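Worksheet: the structure to be examined is printed underneath.
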Number of protein chains: 2
Amino acid sequence: MTYLPPAAAYAHIKNYLKEGLSAGRWPPGTLMPSESELVTQFSVSRMTANRAVRELQAEGLVERVQGVGTFATQPYRASSTLTIRDLHDEITERGHRHRSEVHLARAEAVSETLAQRMGLPAGSEVFHTLIVHSENGVPLLCEDRYVNPARAPDYLSVDFTRTTPTNYLLTVAPLWEAQYSIEAQLPTAEEAQLLGVKPSEPCLIVVRRTESQGSPITLARLVHPGSRYTIEGSFKP
Amino acid sequence: MTYLPPAAAYAHIKNYLKEGLSAGRWPPGTLMPSESELVTQFSVSRMTANRAVRELQAEGLVERVQGVGTFATQPYRASSTLTIRDLHDEITERGHRHRSEVHLARAEAVSETLAQRMGLPAGSEVFHTLIVHSENGVPLLCEDRYVNPARAPDYLSVDFTRTTPTNYLLTVAPLWEAQYSIEAQLPTAEEAQLLGVKPSEPCLIVVRRTESQGSPITLARLVHPGSRYTIEGSFKP
DNA sequence: CAGTGGTCTAGACCACTCG
DNA sequence: GAGTGGTCTAGACCACTGT
(Lines give C-alpha, C1' and ligand atoms only; values in the text may rest on other atoms or scores of the structure.)
Protein backbone atom coordinates (compact mmCIF):
# COMPACT_ATOMS: atom_id res chain seq x y z
CA MET A 1 0.00 0.00 0.00
CA THR A 2 2.39 2.66 -1.14
CA TYR A 3 0.28 4.18 -3.86
CA LEU A 4 -2.32 6.52 -2.46
CA PRO A 5 -3.39 9.09 -5.04
CA PRO A 6 -4.88 11.75 -2.84
CA ALA A 7 -7.21 8.98 -1.81
CA ALA A 8 -8.47 5.80 -3.42
CA ALA A 9 -12.22 5.66 -3.82
CA TYR A 10 -12.55 2.37 -1.99
CA ALA A 11 -10.57 3.87 0.88
CA HIS A 12 -12.94 6.81 1.01
CA ILE A 13 -15.85 4.47 1.36
CA LYS A 14 -14.09 2.40 3.99
CA ASN A 15 -13.38 5.52 6.00
CA TYR A 16 -16.95 6.68 5.71
CA LEU A 17 -18.22 3.35 6.99
CA LYS A 18 -15.62 3.07 9.73
CA GLU A 19 -16.36 6.52 11.04
CA GLY A 20 -20.04 5.78 10.96
CA LEU A 21 -19.50 2.62 12.95
CA SER A 22 -17.29 4.49 15.37
CA ALA A 23 -19.85 7.25 15.76
CA GLY A 24 -22.59 4.82 16.59
CA ARG A 25 -24.64 5.09 13.45
CA TRP A 26 -25.32 1.42 12.59
CA PRO A 27 -25.21 -0.04 16.11
CA PRO A 28 -24.13 -3.68 16.30
CA GLY A 29 -26.48 -5.96 14.44
CA THR A 30 -28.16 -3.30 12.34
CA LEU A 31 -28.32 -3.19 8.59
CA MET A 32 -25.69 -1.16 6.79
CA PRO A 33 -25.81 0.43 3.34
CA SER A 34 -26.01 -2.07 0.52
CA GLU A 35 -23.47 -2.10 -2.26
CA SER A 36 -25.85 -0.49 -4.70
CA GLU A 37 -26.56 2.30 -2.25
CA LEU A 38 -22.85 2.97 -1.94
CA VAL A 39 -22.54 2.87 -5.72
CA THR A 40 -24.99 5.74 -6.17
CA GLN A 41 -23.87 7.63 -3.08
CA PHE A 42 -20.20 7.67 -4.03
CA SER A 43 -20.57 7.47 -7.81
CA VAL A 44 -18.35 4.43 -8.13
CA SER A 45 -18.68 1.09 -9.79
CA ARG A 46 -19.99 -1.83 -7.85
CA MET A 47 -16.60 -3.52 -7.75
CA THR A 48 -15.22 -0.55 -5.88
CA ALA A 49 -18.01 -0.48 -3.33
CA ASN A 50 -17.67 -4.23 -3.03
CA ARG A 51 -13.99 -4.00 -2.25
CA ALA A 52 -14.56 -1.47 0.51
CA VAL A 53 -17.17 -3.58 2.24
CA ARG A 54 -15.30 -6.83 1.65
CA GLU A 55 -12.22 -5.45 3.36
CA LEU A 56 -14.29 -4.31 6.31
CA GLN A 57 -15.61 -7.84 6.48
CA ALA A 58 -12.07 -9.22 6.46
CA GLU A 59 -11.25 -6.90 9.34
CA GLY A 60 -14.21 -8.25 11.24
CA LEU A 61 -16.13 -5.00 11.38
CA VAL A 62 -19.13 -6.16 9.40
CA GLU A 63 -20.85 -9.40 8.57
CA ARG A 64 -22.39 -10.11 5.23
CA VAL A 65 -25.18 -12.50 4.39
CA GLN A 66 -25.90 -13.26 0.80
CA GLY A 67 -29.38 -12.32 -0.19
CA VAL A 68 -29.88 -10.33 2.97
CA GLY A 69 -27.39 -7.56 3.53
CA THR A 70 -24.41 -6.24 5.45
CA PHE A 71 -24.58 -5.88 9.20
CA ALA A 72 -22.44 -4.17 11.82
CA THR A 73 -20.82 -6.73 14.10
CA GLN A 74 -20.75 -6.95 17.85
CA PRO A 75 -17.33 -5.51 18.41
CA TYR A 76 -16.44 -7.36 21.58
CA ARG A 77 -14.46 -9.75 19.51
CA ALA A 78 -11.86 -7.02 18.97
CA SER A 79 -9.51 -9.47 17.40
CA SER A 80 -5.95 -8.46 17.04
CA THR A 81 -2.81 -9.62 15.46
CA LEU A 82 -0.53 -11.02 18.09
CA THR A 83 2.86 -11.40 16.58
CA ILE A 84 4.73 -14.47 17.66
CA ARG A 85 8.32 -13.58 17.13
CA ASP A 86 11.42 -15.62 17.26
CA LEU A 87 13.23 -14.77 20.46
CA HIS A 88 16.53 -14.60 18.61
CA ASP A 89 15.26 -11.83 16.36
CA GLU A 90 13.75 -10.01 19.30
CA ILE A 91 17.04 -9.97 21.14
CA THR A 92 19.28 -9.07 18.26
CA GLU A 93 16.90 -6.31 17.26
CA ARG A 94 17.49 -4.77 20.65
CA GLY A 95 21.16 -4.80 19.75
CA HIS A 96 21.89 -7.46 22.31
CA ARG A 97 23.63 -10.79 22.18
CA HIS A 98 21.66 -14.01 22.04
CA ARG A 99 23.11 -17.30 23.16
CA SER A 100 21.62 -20.78 23.33
CA GLU A 101 22.69 -23.55 25.64
CA VAL A 102 21.60 -26.98 24.53
CA HIS A 103 20.99 -29.15 27.58
CA LEU A 104 19.30 -32.00 25.81
CA ALA A 105 18.83 -33.16 22.23
CA ARG A 106 17.82 -36.75 21.66
CA ALA A 107 15.19 -39.12 20.40
CA GLU A 108 12.79 -40.62 22.91
CA ALA A 109 9.86 -42.96 22.97
CA VAL A 110 6.72 -40.96 23.62
CA SER A 111 4.84 -41.41 26.82
CA GLU A 112 1.18 -42.10 26.54
CA THR A 113 0.12 -38.64 27.65
CA LEU A 114 2.57 -36.95 25.34
CA ALA A 115 1.39 -39.02 22.38
CA GLN A 116 -2.10 -37.86 23.11
CA ARG A 117 -1.19 -34.21 23.52
CA MET A 118 0.78 -34.16 20.31
CA GLY A 119 -1.60 -36.30 18.35
CA LEU A 120 0.95 -38.98 17.58
CA PRO A 121 0.47 -42.76 17.59
CA ALA A 122 1.44 -44.36 20.89
CA GLY A 123 4.84 -45.99 20.95
CA SER A 124 6.35 -43.78 18.27
CA GLU A 125 9.53 -41.81 18.65
CA VAL A 126 9.88 -38.08 19.14
CA PHE A 127 12.78 -35.68 19.22
CA HIS A 128 13.24 -33.86 22.49
CA THR A 129 15.32 -30.74 23.06
CA LEU A 130 15.86 -28.60 26.11
CA ILE A 131 17.47 -25.28 25.35
CA VAL A 132 18.11 -22.25 27.52
CA HIS A 133 18.22 -18.91 25.71
CA SER A 134 19.95 -15.92 27.20
CA GLU A 135 20.24 -12.24 26.37
CA ASN A 136 23.62 -10.72 27.17
CA GLY A 137 24.28 -13.65 29.44
CA VAL A 138 20.99 -13.46 31.34
CA PRO A 139 18.74 -16.51 30.94
CA LEU A 140 15.46 -15.42 29.41
CA LEU A 141 13.79 -18.60 28.28
CA CYS A 142 13.84 -22.28 29.02
CA GLU A 143 12.51 -24.07 25.95
CA ASP A 144 11.35 -27.65 26.39
CA ARG A 145 10.31 -28.96 23.00
CA TYR A 146 9.09 -32.16 21.38
CA VAL A 147 9.21 -32.53 17.61
CA ASN A 148 7.51 -34.95 15.25
CA PRO A 149 10.36 -36.74 13.41
CA ALA A 150 8.18 -37.31 10.39
CA ARG A 151 7.95 -33.57 9.82
CA ALA A 152 11.57 -32.67 10.61
CA PRO A 153 13.80 -35.73 10.21
CA ASP A 154 17.01 -33.73 10.46
CA TYR A 155 15.99 -31.84 13.56
CA LEU A 156 18.59 -33.39 15.85
CA SER A 157 21.46 -32.61 13.52
CA VAL A 158 20.75 -28.89 13.56
CA ASP A 159 23.22 -26.70 15.43
CA PHE A 160 20.96 -24.83 17.81
CA THR A 161 23.68 -22.50 18.91
CA ARG A 162 23.47 -21.02 15.41
CA THR A 163 19.74 -21.05 14.81
CA THR A 164 16.64 -21.56 16.92
CA PRO A 165 14.19 -24.43 16.78
CA THR A 166 11.41 -22.00 15.88
CA ASN A 167 13.43 -20.66 13.02
CA TYR A 168 14.44 -24.07 11.76
CA LEU A 169 10.95 -25.49 11.98
CA LEU A 170 9.61 -22.54 10.02
CA THR A 171 11.93 -23.40 7.15
CA VAL A 172 10.96 -27.06 7.28
CA ALA A 173 7.23 -26.54 7.59
CA PRO A 174 6.07 -23.02 6.89
CA LEU A 175 2.45 -22.03 7.13
CA TRP A 176 1.43 -23.76 10.25
CA GLU A 177 -1.50 -23.54 12.56
CA ALA A 178 -1.03 -23.31 16.28
CA GLN A 179 -2.87 -23.48 19.55
CA TYR A 180 -1.31 -21.75 22.48
CA SER A 181 -1.96 -21.04 26.09
CA ILE A 182 -0.37 -18.40 28.26
CA GLU A 183 -0.24 -18.78 32.00
CA ALA A 184 1.58 -17.74 35.14
CA GLN A 185 3.12 -20.52 37.18
CA LEU A 186 6.04 -21.35 39.36
CA PRO A 187 8.85 -23.05 37.48
CA THR A 188 9.82 -26.62 38.14
CA ALA A 189 12.92 -27.11 40.23
CA GLU A 190 14.90 -27.95 37.12
CA GLU A 191 13.65 -24.93 35.23
CA ALA A 192 14.42 -22.61 38.12
CA GLN A 193 17.93 -23.93 38.23
CA LEU A 194 18.44 -23.63 34.49
CA LEU A 195 17.11 -20.09 34.46
CA GLY A 196 19.01 -19.10 37.56
CA VAL A 197 15.96 -17.90 39.43
CA LYS A 198 14.46 -18.79 42.76
CA PRO A 199 11.83 -21.54 42.69
CA SER A 200 9.42 -18.96 44.05
CA GLU A 201 9.79 -16.64 41.07
CA PRO A 202 6.60 -16.38 39.00
CA CYS A 203 7.16 -17.41 35.42
CA LEU A 204 5.31 -16.64 32.24
CA ILE A 205 4.67 -19.94 30.53
CA VAL A 206 3.60 -20.32 26.94
CA VAL A 207 2.60 -23.76 25.73
CA ARG A 208 2.34 -23.95 22.02
CA ARG A 209 1.33 -26.81 19.78
CA THR A 210 1.72 -26.42 16.06
CA GLU A 211 0.53 -28.48 13.18
CA SER A 212 0.48 -28.16 9.46
CA GLN A 213 -1.89 -29.82 7.05
CA GLY A 214 -3.37 -31.86 9.84
CA SER A 215 -0.23 -33.50 11.13
CA PRO A 216 1.52 -32.31 14.29
CA ILE A 217 4.87 -30.59 14.10
CA THR A 218 5.91 -29.66 17.58
CA LEU A 219 4.83 -29.11 21.17
CA ALA A 220 6.79 -26.59 23.17
CA ARG A 221 6.78 -25.33 26.72
CA LEU A 222 8.39 -21.91 26.92
CA VAL A 223 9.22 -20.74 30.43
CA HIS A 224 10.18 -17.09 30.94
CA PRO A 225 11.15 -15.54 34.27
CA GLY A 226 8.40 -13.09 35.11
CA SER A 227 10.87 -10.47 36.25
CA ARG A 228 12.71 -10.45 32.96
CA TYR A 229 10.16 -10.92 30.24
CA THR A 230 6.78 -9.61 29.14
CA ILE A 231 4.74 -10.18 26.05
CA GLU A 232 3.82 -6.93 24.43
CA GLY A 233 1.65 -6.05 21.53
CA SER A 234 -0.98 -3.79 20.17
CA PHE A 235 -3.98 -4.03 18.01
CA LYS A 236 -6.24 -1.98 15.87
CA PRO A 237 -9.64 -3.19 14.83
CA MET B 1 -18.05 -16.47 2.39
CA THR B 2 -20.94 -18.83 1.94
CA TYR B 3 -21.01 -18.92 -1.81
CA LEU B 4 -18.38 -21.25 -3.21
CA PRO B 5 -19.36 -22.46 -6.68
CA PRO B 6 -17.21 -25.54 -6.93
CA ALA B 7 -14.40 -23.09 -6.44
CA ALA B 8 -13.92 -19.43 -7.11
CA ALA B 9 -11.13 -18.68 -9.54
CA TYR B 10 -9.37 -16.31 -7.17
CA ALA B 11 -9.50 -19.01 -4.50
CA HIS B 12 -7.89 -21.47 -6.88
CA ILE B 13 -5.05 -19.08 -7.43
CA LYS B 14 -4.68 -18.39 -3.73
CA ASN B 15 -4.49 -22.09 -3.04
CA TYR B 16 -1.93 -22.62 -5.74
CA LEU B 17 0.25 -19.89 -4.30
CA LYS B 18 -0.22 -20.97 -0.70
CA GLU B 19 0.68 -24.54 -1.46
CA GLY B 20 3.72 -23.39 -3.38
CA LEU B 21 4.82 -21.30 -0.44
CA SER B 22 4.20 -24.19 1.91
CA ALA B 23 6.14 -26.56 -0.34
CA GLY B 24 9.14 -24.32 -0.44
CA ARG B 25 8.95 -23.11 -3.99
CA TRP B 26 9.46 -19.35 -3.63
CA PRO B 27 11.58 -19.34 -0.48
CA PRO B 28 11.30 -16.19 1.65
CA GLY B 29 12.41 -13.11 -0.23
CA THR B 30 12.20 -14.55 -3.70
CA LEU B 31 10.14 -13.23 -6.55
CA MET B 32 6.73 -14.73 -7.07
CA PRO B 33 4.62 -14.88 -10.24
CA SER B 34 3.45 -11.52 -11.46
CA GLU B 35 -0.19 -10.74 -11.97
CA SER B 36 0.12 -11.00 -15.73
CA GLU B 37 1.74 -14.41 -15.44
CA LEU B 38 -1.15 -15.59 -13.30
CA VAL B 39 -3.58 -14.12 -15.82
CA THR B 40 -2.24 -16.27 -18.63
CA GLN B 41 -1.59 -19.31 -16.47
CA PHE B 42 -5.09 -19.45 -15.05
CA SER B 43 -6.96 -17.79 -17.90
CA VAL B 44 -8.55 -15.16 -15.71
CA SER B 45 -8.81 -11.42 -15.85
CA ARG B 46 -6.23 -9.33 -14.11
CA MET B 47 -8.69 -8.23 -11.44
CA THR B 48 -9.11 -11.83 -10.41
CA ALA B 49 -5.40 -12.50 -10.21
CA ASN B 50 -5.01 -9.23 -8.37
CA ARG B 51 -7.56 -10.19 -5.77
CA ALA B 52 -5.82 -13.48 -5.06
CA VAL B 53 -2.45 -11.87 -4.53
CA ARG B 54 -3.88 -8.90 -2.64
CA GLU B 55 -5.55 -11.19 -0.15
CA LEU B 56 -2.33 -13.10 0.36
CA GLN B 57 -0.71 -9.76 1.05
CA ALA B 58 -3.39 -8.91 3.59
CA GLU B 59 -2.68 -12.23 5.26
CA GLY B 60 0.97 -11.34 5.45
CA LEU B 61 2.18 -14.13 3.22
CA VAL B 62 3.61 -11.95 0.47
CA GLU B 63 4.92 -8.45 0.09
CA ARG B 64 4.31 -6.36 -2.95
CA VAL B 65 6.39 -3.51 -4.29
CA GLN B 66 4.98 -1.35 -6.99
CA GLY B 67 7.07 -1.42 -10.10
CA VAL B 68 9.07 -4.39 -8.85
CA GLY B 69 7.01 -7.43 -8.04
CA THR B 70 5.58 -9.74 -5.43
CA PHE B 71 7.84 -11.46 -2.93
CA ALA B 72 7.42 -14.27 -0.44
CA THR B 73 7.76 -12.98 3.11
CA GLN B 74 9.91 -14.15 5.94
CA PRO B 75 7.34 -16.10 7.86
CA TYR B 76 8.75 -15.58 11.32
CA ARG B 77 6.06 -13.04 11.88
CA ALA B 78 3.47 -15.81 12.14
CA SER B 79 0.91 -13.23 13.06
CA SER B 80 -2.21 -14.41 14.71
CA THR B 81 -5.51 -13.17 15.87
CA LEU B 82 -5.58 -12.90 19.60
CA THR B 83 -9.15 -12.41 20.59
CA ILE B 84 -9.75 -10.15 23.54
CA ARG B 85 -12.94 -11.35 25.04
CA ASP B 86 -15.06 -9.96 27.74
CA LEU B 87 -14.65 -12.10 30.83
CA HIS B 88 -18.38 -12.04 31.43
CA ASP B 89 -19.07 -13.66 28.07
CA GLU B 90 -16.32 -16.17 28.62
CA ILE B 91 -17.79 -17.28 31.93
CA THR B 92 -21.42 -17.38 30.88
CA GLU B 93 -20.46 -19.31 27.76
CA ARG B 94 -19.07 -22.00 30.02
CA GLY B 95 -22.50 -22.13 31.59
CA HIS B 96 -21.20 -20.65 34.82
CA ARG B 97 -22.26 -17.73 36.94
CA HIS B 98 -20.41 -14.44 36.78
CA ARG B 99 -20.49 -11.95 39.64
CA SER B 100 -18.82 -8.60 40.07
CA GLU B 101 -17.93 -6.96 43.35
CA VAL B 102 -17.34 -3.25 43.10
CA HIS B 103 -14.76 -2.22 45.68
CA LEU B 104 -14.15 1.26 44.41
CA ALA B 105 -15.84 3.65 41.96
CA ARG B 106 -14.97 7.30 42.20
CA ALA B 107 -13.38 10.29 40.56
CA GLU B 108 -9.80 11.11 41.44
CA ALA B 109 -7.18 13.63 40.54
CA VAL B 110 -4.56 11.94 38.41
CA SER B 111 -1.09 11.50 39.73
CA GLU B 112 1.72 12.71 37.56
CA THR B 113 2.83 9.25 36.49
CA LEU B 114 -0.71 8.16 35.71
CA ALA B 115 -1.33 11.26 33.63
CA GLN B 116 1.72 10.41 31.64
CA ARG B 117 0.85 6.76 31.19
CA MET B 118 -2.66 7.57 30.06
CA GLY B 119 -1.72 10.54 27.96
CA LEU B 120 -3.89 12.97 29.91
CA PRO B 121 -3.07 16.53 30.97
CA ALA B 122 -1.65 16.75 34.47
CA GLY B 123 -4.09 17.78 37.15
CA SER B 124 -7.15 16.48 35.36
CA GLU B 125 -9.68 14.10 36.85
CA VAL B 126 -10.08 10.43 36.09
CA PHE B 127 -12.59 7.79 37.05
CA HIS B 128 -11.19 4.91 39.03
CA THR B 129 -12.85 1.56 39.58
CA LEU B 130 -11.68 -1.55 41.34
CA ILE B 131 -13.79 -4.58 40.59
CA VAL B 132 -13.32 -8.24 41.47
CA HIS B 133 -14.91 -10.71 39.07
CA SER B 134 -15.71 -14.24 40.13
CA GLU B 135 -16.88 -17.40 38.41
CA ASN B 136 -19.23 -19.52 40.49
CA GLY B 137 -18.02 -17.66 43.54
CA VAL B 138 -14.33 -18.09 42.87
CA PRO B 139 -12.43 -14.83 42.29
CA LEU B 140 -10.91 -14.90 38.83
CA LEU B 141 -9.90 -11.33 38.13
CA CYS B 142 -9.05 -8.17 39.97
CA GLU B 143 -9.64 -5.28 37.61
CA ASP B 144 -8.07 -1.96 38.48
CA ARG B 145 -9.14 0.57 35.90
CA TYR B 146 -8.80 4.26 35.12
CA VAL B 147 -11.12 5.88 32.64
CA ASN B 148 -10.94 9.18 30.77
CA PRO B 149 -14.09 11.11 31.81
CA ALA B 150 -14.13 12.98 28.53
CA ARG B 151 -14.72 9.73 26.68
CA ALA B 152 -17.19 8.18 29.10
CA PRO B 153 -18.85 10.86 31.22
CA ASP B 154 -21.46 8.49 32.65
CA TYR B 155 -18.99 5.78 33.58
CA LEU B 156 -19.48 6.09 37.33
CA SER B 157 -23.24 5.80 37.12
CA VAL B 158 -23.09 2.43 35.41
CA ASP B 159 -24.16 -0.58 37.45
CA PHE B 160 -21.16 -2.85 37.15
CA THR B 161 -22.92 -5.74 38.75
CA ARG B 162 -25.04 -5.87 35.60
CA THR B 163 -22.47 -5.15 32.92
CA THR B 164 -18.69 -5.01 32.75
CA PRO B 165 -16.50 -1.97 32.17
CA THR B 166 -15.14 -3.57 28.99
CA ASN B 167 -18.63 -4.07 27.69
CA TYR B 168 -19.78 -0.59 28.61
CA LEU B 169 -16.73 1.10 27.15
CA LEU B 170 -17.21 -0.78 23.92
CA THR B 171 -20.67 0.72 23.56
CA VAL B 172 -19.40 4.20 24.36
CA ALA B 173 -16.32 4.09 22.15
CA PRO B 174 -16.21 1.24 19.70
CA LEU B 175 -13.32 0.72 17.32
CA TRP B 176 -10.44 1.35 19.58
CA GLU B 177 -6.76 0.72 19.41
CA ALA B 178 -4.93 -0.88 22.27
CA GLN B 179 -1.48 -1.62 23.56
CA TYR B 180 -1.14 -4.46 25.98
CA SER B 181 1.48 -6.29 27.93
CA ILE B 182 1.23 -9.70 29.50
CA GLU B 183 3.44 -10.67 32.37
CA ALA B 184 3.76 -12.97 35.35
CA GLN B 185 4.12 -11.30 38.71
CA LEU B 186 3.23 -11.63 42.32
CA PRO B 187 0.09 -9.78 43.28
CA THR B 188 0.16 -6.80 45.58
CA ALA B 189 -0.97 -7.46 49.12
CA GLU B 190 -4.31 -5.85 48.40
CA GLU B 191 -4.83 -7.85 45.22
CA ALA B 192 -3.96 -11.10 46.96
CA GLN B 193 -6.50 -10.38 49.63
CA LEU B 194 -9.21 -9.41 47.15
CA LEU B 195 -8.59 -12.52 45.09
CA GLY B 196 -8.34 -14.77 48.10
CA VAL B 197 -4.94 -16.14 47.18
CA LYS B 198 -1.63 -16.27 48.97
CA PRO B 199 0.71 -13.36 48.28
CA SER B 200 3.12 -15.94 46.89
CA GLU B 201 0.76 -17.10 44.17
CA PRO B 202 1.99 -16.20 40.67
CA CYS B 203 -0.50 -14.07 38.81
CA LEU B 204 -1.07 -13.43 35.14
CA ILE B 205 -1.19 -9.70 34.69
CA VAL B 206 -2.47 -7.96 31.62
CA VAL B 207 -2.02 -4.22 31.37
CA ARG B 208 -4.06 -2.72 28.62
CA ARG B 209 -4.28 0.85 27.43
CA THR B 210 -6.87 1.74 24.86
CA GLU B 211 -7.42 4.82 22.82
CA SER B 212 -9.67 5.84 19.99
CA GLN B 213 -9.04 8.54 17.45
CA GLY B 214 -5.96 9.64 19.29
CA SER B 215 -7.50 10.28 22.66
CA PRO B 216 -7.09 7.85 25.55
CA ILE B 217 -10.04 5.87 26.82
CA THR B 218 -8.87 3.66 29.60
CA LEU B 219 -5.93 2.05 31.33
CA ALA B 220 -6.55 -1.25 33.05
CA ARG B 221 -4.53 -3.65 35.15
CA LEU B 222 -6.07 -7.10 35.06
CA VAL B 223 -4.75 -9.51 37.65
CA HIS B 224 -5.63 -13.20 37.32
CA PRO B 225 -4.56 -15.90 39.75
CA GLY B 226 -2.18 -18.14 37.83
CA SER B 227 -3.74 -21.27 39.21
CA ARG B 228 -7.20 -20.38 37.97
CA TYR B 229 -6.79 -18.68 34.66
CA THR B 230 -4.97 -19.07 31.35
CA ILE B 231 -5.16 -17.19 28.11
CA GLU B 232 -5.84 -19.50 25.25
CA GLY B 233 -5.97 -19.04 21.55
CA SER B 234 -5.02 -20.34 18.19
CA PHE B 235 -3.92 -19.00 14.93
CA LYS B 236 -3.67 -19.82 11.31
CA PRO B 237 -1.41 -17.91 8.98
C1' DC C 1 11.68 1.84 -22.18
C1' DA C 2 9.10 -2.43 -20.57
C1' DG C 3 7.27 -4.52 -16.71
C1' DT C 4 5.32 -4.20 -12.35
C1' DG C 5 1.58 -3.23 -9.06
C1' DG C 6 -2.70 0.12 -7.69
C1' DT C 7 -6.91 1.40 -9.04
C1' DC C 8 -11.23 1.80 -11.48
C1' DT C 9 -15.27 0.95 -14.75
C1' DA C 10 -19.64 -0.81 -16.79
C1' DG C 11 -21.31 -4.22 -17.60
C1' DA C 12 -22.49 -9.44 -16.63
C1' DC C 13 -24.25 -14.05 -14.48
C1' DC C 14 -25.15 -16.46 -10.44
C1' DA C 15 -26.99 -17.97 -5.71
C1' DC C 16 -29.41 -16.73 -1.96
C1' DT C 17 -33.34 -14.69 0.95
C1' DC C 18 -37.46 -12.61 1.77
C1' DG C 19 -42.12 -11.23 1.15
C1' DG D 1 -39.88 -11.12 -8.15
C1' DA D 2 -36.95 -7.73 -6.21
C1' DG D 3 -33.01 -7.02 -3.71
C1' DT D 4 -28.93 -8.70 -1.81
C1' DG D 5 -24.12 -10.32 -1.93
C1' DG D 6 -20.32 -13.40 -4.69
C1' DT D 7 -17.85 -13.50 -8.63
C1' DC D 8 -15.83 -12.39 -13.04
C1' DT D 9 -14.38 -9.88 -17.42
C1' DA D 10 -11.81 -6.95 -20.75
C1' DG D 11 -10.52 -3.30 -21.00
C1' DA D 12 -8.32 1.29 -19.05
C1' DC D 13 -5.10 4.95 -16.78
C1' DC D 14 -1.73 5.75 -13.46
C1' DA D 15 2.66 5.51 -10.56
C1' DC D 16 6.67 3.30 -9.69
C1' DT D 17 10.99 0.61 -10.64
C1' DG D 18 14.45 -1.19 -13.14
C1' DT D 19 17.79 -1.15 -17.15
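Source: prediction; values computed, not measured. Values reported hereafter were calculated over all heavy atoms of this structure, with side chains retained and with hydrogens, waters and symmetry mates removed. Letters go in sequence order (proteins before strands), and every chain restarts at 1.
Dashed line: the shortest gap from a side-chain N or O of Arg51(B) to OP1 or OP2 of dT7(D) is under 4.0 Å. Under 4.0 angstrom from either OP1 or OP2 of dT4(D) there lies at least one side-chain N or O belonging to Ser36(A). Distances shown here put every side-chain N or O of Ser34(B) at or beyond 4.0 Å from the OP1 or OP2 atom of dG3(C). The side chain of Arg54(B) contributes no N or O atom lying less than 4.0 Å from OP1 or OP2 of dG6(C). For dC8(D), neither phosphate oxygen OP1 nor OP2 lies less than 4.0 angstrom from any side-chain nitrogen or oxygen of Tyr10(B).
Mapping Val68(A) and Pro33(B) onto DNA chain C by nearest heavy atom places Pro33(B) at the nucleotide closer to the 5' end. Where Thr70(A) and Met47(A) meet DNA chain D, the nucleotide closest to each residue was compared, and Thr70(A) sits on the side nearer the 5' end.
At whole-Å resolution of the value, CZ in Arg64(A) and C1' in dT7(D) are 12 Å apart. What separates CZ of Phe71(B) from C1' of dT4(C) is a distance of 10 Å, to the nearest Å. Atom CG in Asn50(B) sits about 8 Å away from atom P in dT7(C), given to the nearest Å. In this entry the distance linking NE2 of His12(B) with P of dG6(D) reads 19 Å, nearest Å. Rounded to an integer number of Å, the gap from CZ of Phe42(A) to P of dT7(C) is 17 Å. Atom CD of Glu55(A) and atom C1' of dG5(D) are 16 Å apart (whole Å). Gln66(A) places its CD atom 12 Å from the P atom of dC18(C), with the value rounded to the nearest Å. At whole-Å resolution of the value, CD in Glu63(B) and P in dC16(D) are 19 Å apart.
Side-chain contact between His96(B) and Glu90(B) is absent, with no heavy atoms from C-beta onward closer than 4.5 Å.
Looking at Glu59(A) and Lys18(A), a side-chain N of the basic residue comes within less than 4.0 Å of a carboxylate O on the acidic one, giving a salt bridge. Between Glu143(A) and Arg208(A), no side-chain nitrogen of the basic residue sits less than 4.0 Å from a carboxylate oxygen of the acidic one, so the salt-bridge criterion is not met.
Of the candidates dC8(C), dT7(D), dG6(D), dG6(D) carries the atom nearest the Gln57(A) side chain, counting heavy atoms from C-beta on.
Interface remark: the Arg46(B) side chain does form a donor-acceptor pair with the dG6(C) base, using a distance-only criterion of under 3.5 Å.
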Please step through salt bridge (Lys or Arg N to Asp or Glu O under 4.0 Å) for the pair Glu35(A) and Arg64(A), ending with a clear verdict. CA-CA 11 Å; Glu35(A) 293 188 357; Arg64(A) 318 194 73 186; 2.7 Å; yes
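Partner of Glu135(B) under the side chain to side chain donor-acceptor pair (under 3.5 Å) criterion, out of His88(B), Arg94(B), Arg97(B): Arg94(B) alone.
Val53(A) comes within 4.0 angstrom of nothing in the nucleic acid, heavy atoms only.
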